[in-house]
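First comes the structure, then the notes that go with it.
Note that this is a predicted model, so its numbers are computed, not measured.
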Amino acid sequence: MFGSMFSGKYLFNSYTFILVAIIAVFTMSLNVLRVKAPAKVTGTVIILHGLGDSADGWKFLSDMLHQYDQFKGVNFIFPNAPIKPLTVAGGQRVAQWFDIFEMGNPNARQDEEGYWNSVANISKLIDEESKNGVNPSKIIVGGFSQGASISLGIAASYHQKLAGILCLSGFFNMKQGIQSRLKDVNKQTPIFHGHGDLDPVINISMARAAHKLFTDNLGFTNYDLHEYSGMAHSTCNEEISEIADFIAKNLGL
Ligand SMILES: *[C@@H]1O[C@H](CO)[C@@H](O)[C@H](O)[C@H]1NC(C)=O
Ligand SMILES: *[C@@H]1O[C@H](CO)[C@@H](O)[C@H](O)[C@H]1NC(C)=O
């Protein structure tokens, strides 16, 4: 009796172990919201949300664009950032692509490790989409704020030519790790950087600094900064319409 109880318990424990292991594998892989193209696929747009937001925060873009025939062949992928303690928020758990040690100070210590891990995770996501049949030259990677910052890391380090980069209210502070990861393949890739001149979170001067770094120092030849007057850390109709034009033009729609 005791023996069978014991083996029963043992069995339960090993199943629990397997279950925990499966959950761990799921938590390690990127959690994404996929919105499939309602028509024959012509390309993919990946959008990374900002700090404390989630994939749902940008789903309006696919809802809006899929209403038009021109965009019906576009797959959208909205990845969710991992939820981790955020240092500037006193260790509160916040969805983030990398940690922040000091707000608004580009010269402060930066979470380079977390940043480049997220860039690597998004690179794997692009590799997967490519294995699913969408050539990277038909993939646009973009994001808002922290997500925009990650998209610039993708422009710098991804190993294949992409269709374009959408850097929305973004910045770039990861100057330690960039040189060793820099590749030439996306140096002519169109980069759209939209930024509000009244942005109180990521000052417009940080947008200009990222533009200057990428064009003057890193050799990117197709990086356009669009400044929107009166816009804060947000988006506006004019920007959304320019984003739609950028997607159409660079996916050849
Ligand atoms: C990103 O990659 C790192 C390192 O490989 C991993 O620890 C982390 O869980 C990943 N995050 C997500 C959301 O996949
Ligand atoms: C951006 O920085 C400049 C220079 O420090 C400052 O004058 C301006 O008020 C800042 N803009 C916002 C919206 O905070």
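A donor-acceptor pair under 3.5 Å is formed between the side chain of Q96 and the backbone N or O of D99. Remark: the backbone N or O of E112 is not paired with any side-chain donor or acceptor of Q176 at under 3.5 angstrom. A side-chain donor-acceptor contact under 3.5 Å links S157 to the backbone of G153. Looking at Y223, its side chain never comes within 3.5 Å of a backbone N or O of T189 through a donor-acceptor pair. Formation of a donor-acceptor pair under 3.5 Å by the Y158 side chain with backbone atoms of I122 is not found in this model. Counting only distance, with no hydrogens or angles, the side chain of N121 and the backbone of L30 share no donor-acceptor pair below 3.5 Å. N80 contributes a side-chain N or O that, together with a main-chain N or O of A55, makes up a donor-acceptor pair within less than 3.5 Å. Side chain of N222 to backbone of Q188: a donor-acceptor contact under 3.5 angstrom is found. Proximity of a side-chain donor or acceptor of K187 to a complementary backbone N or O of L218 within less than 3.5 Å is detected.
Hydrophobic clustering (ILVMFWY, side-chain heavy atoms < 4.5 Å, transitive): L251 and I191 are in distinct clusters. Linking ILVMFWY residues whenever their side-chain heavy atoms come closer than 4.5 Å, directly or via other members, leaves V74 and I126 in distinct clusters. Cluster annotation: F171 is not connected to F101 through the hydrophobic network of ILVMFWY side chains, with a link wherever side-chain heavy atoms come within less than 4.5 Å. A continuous path of Ile, Leu, Val, Met, Phe, Trp and Tyr side chains, each step under 4.5 Å between heavy atoms, connects L86 with L48, placing both in one hydrophobic cluster. Neither I46 nor F144 shares a network with the other; the hydrophobic side chains, linked directly or stepwise wherever heavy atoms of I, L, V, M, F, W or Y lie under 4.5 Å apart, form separate groups for each.
Atoms CG and CD, from N107 and E102 in turn, are 9.0 Å apart once rounded to the nearest 0.5 Å. To the nearest 0.5 Å, atom OG of residue S130 and atom CG of residue L125 are 11.0 Å apart. Separating the CD1 atom in I204 from the OG atom in S229 is a distance of 10.5 Å, to the nearest 0.5 Å. If you take CG on L65 and CZ on F71, they are separated by 5.0 Å, rounding to the nearest 0.5 Å. Taken from NE2 in H233 to OG in S145, the straight-line distance is 3.0 Å, to the nearest 0.5 Å. For the atom pair NE2 of H159 and CZ of R181, the computed distance is 14.5 Å after rounding to the nearest 0.5 Å.
Using a 4.5 Å heavy-atom cutoff, the side chains of T215 and T221 are not in contact. Between L51 and V94 there is a side-chain heavy-atom pair separated by less than 4.5 Å. Residues D53 and W58 have side chains in contact (heavy-atom distance under 4.5 Å, counting atoms from C-beta outward). Put simply, the side chain of M174 reaches to within 4.5 Å of the side chain of F98, judged on heavy atoms. Two residues are said to be in side-chain contact when any heavy atoms from C-beta on lie closer than 4.5 Å; L168 and T235 fail this criterion.
Taking a cutoff of 4.0 Å between a charged side-chain nitrogen and a carboxylate oxygen, D127 and K124 do not qualify as a salt bridge. For R34 and E129, the salt-bridge test passes: some basic side-chain N is under 4.0 Å from an acidic carboxylate O. With respect to K249 and D245, no salt bridge is recorded, no charged nitrogen being found less than 4.0 Å from a carboxylate O.
Residues S118 and W97 approach most closely at OG-O, 2.8 Å, considering heavy atoms. Across all their heavy atoms, P79 and I77 have their closest contact at CD-O, 3.5 Å. Considering every non-hydrogen atom in both L152 and A210, the closest pair reads CD1-CB, 4.3 Å. Of all non-hydrogen atoms in Q110 and N105, the two that sit nearest each other are NE2-O, 3.6 Å. Nearest approach of A148 to S151, heavy atoms of both residues: O-OG, 2.7 Å. The two residues A232 and P200 have their closest heavy-atom pair at CB-CD, 4.0 Å.
Within 6.0 Å of NZ on K183 lie more than 12 heavy atoms contributed by other residues, nucleotides or ligands. Within a 6.0 Å radius of CG in N132, more than 12 heavy atoms belonging to other residues, nucleotides or ligands are found. Residue I83 places its CD1 atom among 12 or fewer non-hydrogen atoms of other residues, nucleotides or ligands, all under 6.0 Å distant. Within a 6.0 Å sphere centred on CZ of R109, heavy atoms belonging to other residues, nucleotides or ligands number 12 at most. Applying the 6.0 Å contact sphere to CZ of F60 captures more than 12 heavy atoms from other residues, nucleotides or ligands.
The aromatic rings of F172 and W116 stand perpendicular to each other, their planes meeting at an angle above 60°, with 30° marking the opposite boundary.
Scored by the side-chain hydrogen bond (donor to acceptor under 3.5 Å, both in side chains) test, K212 finds D216 as partners (sequence neighbours excluded).
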Quick one, T44 with I140, criterion side-chain contact (heavy atoms from CB on, under 4.5 Å). Give me CA distance, side-chain angles, the key distance, then yes/no. CA-CA 6 Å; T44 297; I140 290 176; over 6 Å; no
Verify side-chain contact (heavy atoms from CB on, under 4.5 Å) between S169 and I202, making sure each step is shown before the conclusion. CA-CA 7 Å; S169 304; I202 309 296; 5.7 Å; no
Starting from the C-alpha separation in whole Å, work towards a yes-or-no answer on side-chain hydrogen bond (donor to acceptor under 3.5 Å, both in side chains) for H49 and S54. CA-CA 6 Å; H49 64 76; S54 72; over 6 Å; no
Assess the residue pair V35 and H66 against the criterion (side-chain contact (heavy atoms from CB on, under 4.5 Å)); give the C-alpha distance rounded to whole Å, side-chain angles, the decisive distance to 0.1 Å, and a yes or no. CA-CA 10 Å; V35 182; H66 277 164; 3.8 Å; yes
Walk me through whether I47 and V141 qualify under side-chain contact (heavy atoms from CB on, under 4.5 Å). CA-CA 6 Å; I47 301 283; V141 181; over 6 Å; no
For H193 and F214, run ring-ring contact (aromatic ring centres under 6.0 Å, His included): C-alpha distance rounded to whole Å, both residues' side-chain angles, the deciding distance at 0.1 Å, then the answer. CA-CA 11 Å; H193 185 156; F214 272 70; 9.4 Å; no
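The aromatic ring centres of F192 and H226 sit less than 6.0 Å apart. Aromatic rings from H211 and F220 are positioned such that their centres are separated by 6.0 Å or more.
Judged purely by distance below 3.5 Å, without hydrogens or angles, the side chains of K138 and T42 never pair a donor atom with an acceptor atom. Side-chain N/O atoms of E242 and Y228 include a donor and acceptor closer than 3.5 Å.
Sorted by first and then second residue, the salt bridge (charged side-chain N to carboxylate O under 4.0 Å, His left out) pairs with a member in residues 192-210 read R208-E227; sequence neighbours excluded.
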